[in-house]
Colleague: 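This is the structure I have questions about; it appears just below.
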Amino acid sequence: MHTTEDHWITTPITADILRGALELERTAHGVLPHRLPAWARAQCADPQLAMVEAQPSGVRLVFRTRATAVELDTLPTKRVYSGAPPRPDGVYELLVDGRPAGQASVTGGNTLTIDMATGATENRPGPAGTLRFTDLPGGAKDVEIWLPHNEITELVALRTDAPIEPVPDRGRKVWLHHGSSISHGSDAASPTTTWPALAASLGGVELINLGMGGSALLDPFTARTMRDTPADLISVKIGINLVNADLMRLRAFTPAVHGFLDTIREGHPTAPLLVVSPILCPIQEDTPGPLAFDFSALAAGKMRFRATGDPAERAAGKLALGVIRDELSRIVRQRAADDPHLHYLDGRELYGEADVAELPLPDELHPDAAAHRRMGERFAALAFAADGPFADHSA
């Protein structure tokens with residue numbers, strides 16, 4: 001009896017079998033998926049953005065095959081925070097015909113050590129590893145391998161024991177979403193259980209997730225990227241990173257939001273466009289930024305953040321989450337008079353007062369895995385409902 005190892009077929013990893021990435025960079029090892037194009041990356045020297053846009057949240061290999069075994073060689077880059085507990089290895093998820101069929105991780109890889117006190121980083125190279133899924137059902141099927149949402153992943157080689165081909169267009173709408181680390185998937189259990197991935201699955205749409213940890217900052221290059229990306233449904237979740245970074249005052253925030261939406265509308269003049277305000281985050285509801293890392297918690301082996309601003313500074317235009325929600329609601333009301341496809345969703349409908357009591361934010365900033373699931377289910381119920389902003393009126 002022969003074994004599958006005798007019959008591996010290596011298939012080049014190209015854009016036609018990869019979804020959720022906007023660009024593939026050729027590297028010395030293989031290809032690196034990016035969620036911002038090179039021209040956009042060139043306009044920002046922020047190492048935080050460079051790291052998070054290369055973490056493939058929502059990116060997945062998708063192909064049709066009769067294969068019963070799949071191997072994927074990857075070179076991950078794993079983050080280590082000095083003094084903090086070790087982070088778990090990134091999770092790869094297998095779906096067969098849309099149903100969960102396995103999870104695995106790749107050990108080894110490069111290591112990026114980050115000193116939270118100084119911001120200094122150190123890169124240590126490491127070896128590639130191999131991911132293997134076996135005992136897949138026989139017959140033709142659609143296979144998806146979702147890459148770790150929080151771990152930079154170079155794709156080195158894809159092998160199967162039967163030929164593969166791109167999945168034909170199923171006619172599903174494309175949902176393009178931009179947001180912060182919460183949209184990126186921070187503290188979600190796996191790549192298909194970030195709240196946007198869950199909502200996309202429930203809504204029956206194809207996700208392009210431009211959630212960028214720490215980097216939802218109304219950058220013009222992000223707006224232009226969204227303008228130029230084909231999509232049927234669009235959402236932007238704005239606010240928390242602007243408060244965290246203490247990046248701008250209300251005077252700058254208002255025209256920046258208008259400019260961001262104007263740019264998206266240049267490429268998508270009539271697509272449903274949903275503006276989502278921040279979820280509830282008690283430490284920054286009334287207290288402006290900047291956000292600081294709580295080193296006293298780190299000494300106890302915990303990751304925790306704290307707000308360092310003064311609530312009285314809101315009178316001078318400093319931003320807190322309550323200020324941002326009020327202004328986003330006002331902006332959308334104003335613009336919707338001439339843009340009937342523009343909508344607003346208060347983020348507290350996804351995670352609010354009752355949720356904080358039941359599922360508190362473990363680090364005071366990011367929802368946990370259970371809260372991600374709740375947010376995804378609620379977003380789907382609100383956005384994709386028959387009377388929701390993303391309702392399918394084609395039938």
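Bear in mind the structure is a predicted one, so any value in this text is a computation, not a measurement.
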Colleague: Any donor and acceptor pair, going by atom type alone, linking the side chain of Lys318 with main-chain N or O of Arg249 inside 3.5 Å?
Modeller: no
Colleague: Could you walk me through whether Glu144 and Arg99 pass the salt bridge (Lys or Arg N to Asp or Glu O under 4.0 Å) check?
Modeller: CA-CA 9 Å; Glu144 302 176 39; Arg99 293 183 293 274; over 6 Å; no
Colleague: Heavy-atom count around Arg227 CZ within 6.0 Å, excluding the residue itself: above 12?
Modeller: yes
Colleague: Do you reckon Ile238 sits in the same ILVMFWY cluster as Leu49, going by side-chain contacts under 4.5 Å, direct or chained?
Modeller: yes
Colleague: Between His149 and Thr192 (side chain of the first, backbone of the second, donor and acceptor by atom type, cut-off under 3.5 Å), is there such a pair?
Modeller: no
Colleague: Does Arg26 pair with Glu154 as a salt bridge, N-O distance under 4.0 Å?
Modeller: no
Colleague: Does the side chain of His34 reach to within under 4.5 Å of the side chain of Leu24, using non-hydrogen atoms?
Modeller: no
Colleague: A side-chain contact here means heavy atoms from C-beta on lying under 4.5 Å apart; do Leu280 and Leu321 qualify?
Modeller: no
Colleague: Would you check if Asn150 and Arg87 make a side-chain contact, meaning some heavy-atom pair closer than 4.5 Å?
Modeller: yes
Colleague: Is any side-chain heavy atom of Arg306 closer than 4.5 Å to one of Leu291?
Modeller: no
Colleague: With distance as the sole criterion, is a donor-acceptor pair present between the side chains of Gln43 and Arg224 under 3.5 Å?
Modeller: yes
Colleague: Of the options Ser57, Pro191, Pro76, which is the one that meets Glu151 in a side chain to side chain contact (heavy atoms under 4.5 Å, CB included)?
Modeller: Pro76
Colleague: Within a strict 4.5 Å, meaning less than it, do heavy atoms of the Asp115 and Glu122 side chains meet?
Modeller: no
Colleague: Can you establish whether the number of heavy atoms outside Arg170 located under 6.0 Å from its atom CZ is more than 12?
Modeller: yes
Colleague: When you check the gap from the basic side-chain N to the acidic O, do Glu353 and Arg348 get nearer than 4.0 Å?
Modeller: no
Colleague: Would you say the side chain of Arg335 lies within less than 4.5 Å of the side chain of Leu261, judging by non-hydrogen atoms?
Modeller: yes
Colleague: Under a 4.0 Å N-O cut-off, is there an ion pair linking Arg35 with Glu53?
Modeller: no
Colleague: Assess the side chains of Tyr92 and Thr74: does a donor N or O sit below 3.5 Å from an acceptor N or O?
Modeller: yes
Colleague: So Ile240 and Ile324, do their side chains get closer than 4.5 Å, heavy atoms only?
Modeller: no
Colleague: So if you build clusters from Ile, Leu, Val, Met, Phe, Trp, Tyr with side-chain heavy-atom gaps below 4.5 Å, do Val323 and Val332 land together?
Modeller: yes
Colleague: Any donor-acceptor pair under 3.5 Å linking the side-chain atoms of Asp89 with those of Thr107?
Modeller: no
Colleague: Give the minimum heavy-atom separation between Thr77 and Leu112, together with the two atoms involved.
Modeller: CG2-CB, 4.1 Å
Colleague: Answer yes if the side chains of Ser329 and Arg325 hold a donor-acceptor pair under 3.5 Å, and no otherwise.
Modeller: no
Colleague: Report yes or no: do Leu233 and Phe260 belong to one cluster of Ile/Leu/Val/Met/Phe/Trp/Tyr joined by side chain heavy-atom distances under 4.5 Å?
Modeller: no
Colleague: Could you tell me whether Asp97 and Lys141 have a side-chain N and a carboxylate O separated by less than 4.0 Å?
Modeller: no
Colleague: Check Arg330 with Glu327, please: is the shortest side-chain N to carboxylate O separation under 4.0 Å?
Modeller: yes
Colleague: Looking only at heavy atoms, which two atoms of His366 and Ser181 are closest? And how far apart?
Modeller: NE2-OG, 2.8 Å
Colleague: Do you reckon Ile208 sits in the same ILVMFWY cluster as Ile264, going by side-chain contacts under 4.5 Å, direct or chained?
Modeller: yes
Colleague: Using the rule that two of Ile, Leu, Val, Met, Phe, Trp, Tyr join whenever any of their side-chain heavy atoms come within less than 4.5 Å, decide whether Val31 and Leu36 are in one cluster.
Modeller: no
Colleague: Does the pair Asp232/Arg172 count as a salt bridge with the N-to-O cut at 4.0 Å?
Modeller: no
Colleague: Do NZ/NE/NH1/NH2 and the carboxylate oxygens of Arg378 and Asp355 come within less than 4.0 Å?
Modeller: yes
Colleague: Side-chain donor-acceptor pairs under 3.5 Å in residues 214-222, sequence neighbours left out?
Modeller:
{"unit_1": "Ser215", "atom_1": "OG", "unit_2": "Gly213", "atom_2": "O", "d": "3.4"}

Colleague: Looking at Glu206 and Arg60, is any side-chain nitrogen of the basic one under 4.0 Å from a carboxylate oxygen of the acidic one?
Modeller: yes
Colleague: Distance check, rounded to the nearest 0.5 Å: Met375 atom CE versus Ile182 atom CD1?
Modeller: 6.0 Å
Colleague: Measure up the Phe379 and Trp175 rings against each other and bin them: parallel (under 30°), tilted (30 to 60°), perpendicular (over 60°).
Modeller: parallel
Colleague: Could you tell me whether a side-chain N or O of His343 sits under 3.5 Å from a main-chain N or O of Val276, the two making a donor and an acceptor?
Modeller: no
Colleague: Below 4.5 Å, heavy atoms only, C-beta onward: do Val106 and Thr130 meet side chain to side chain?
Modeller: no
Colleague: Restricting to non-hydrogen atoms, name the atom on Pro56 and the atom on Leu147 that form the minimum distance, rounded to 0.1 Å.
Modeller: CG-CB, 3.7 Å
Colleague: Salt-bridge test for Asp16 and Arg19: reply yes if a basic N is under 4.0 Å from a carboxylate O, no otherwise.
Modeller: no
Colleague: Please round to the nearest 0.5 Å and tell me the distance separating atom OG1 of Thr121 and atom CD1 of Ile114.
Modeller: 7.0 Å
Colleague: Does Trp195 offer a backbone N or O that forms a donor-acceptor pair with the side chain of His372 under 3.5 Å?
Modeller: yes
Colleague: If you measure from CG on Leu210 to CE on Met226, what distance do you get to the nearest 0.5 Å?
Modeller: 6.0 Å
Colleague: I'd like to know if the side chain of Tyr351 reaches the main chain of Leu359, judged simply by a donor and an acceptor atom lying under 3.5 Å from each other, with no hydrogens or angles considered.
Modeller: yes
Colleague: Indicate yes or no: does Glu165 engage Arg66 in a salt bridge with an N to O separation below 4.0 Å.
Modeller: no
Colleague: Can you find a side-chain donor-acceptor pair between His184 and Gln55 that sits under 3.5 Å?
Modeller: yes
Colleague: Regarding Ser235 and His177, do their side chains bring together a donor and an acceptor under 3.5 Å, going by distance alone?
Modeller: yes
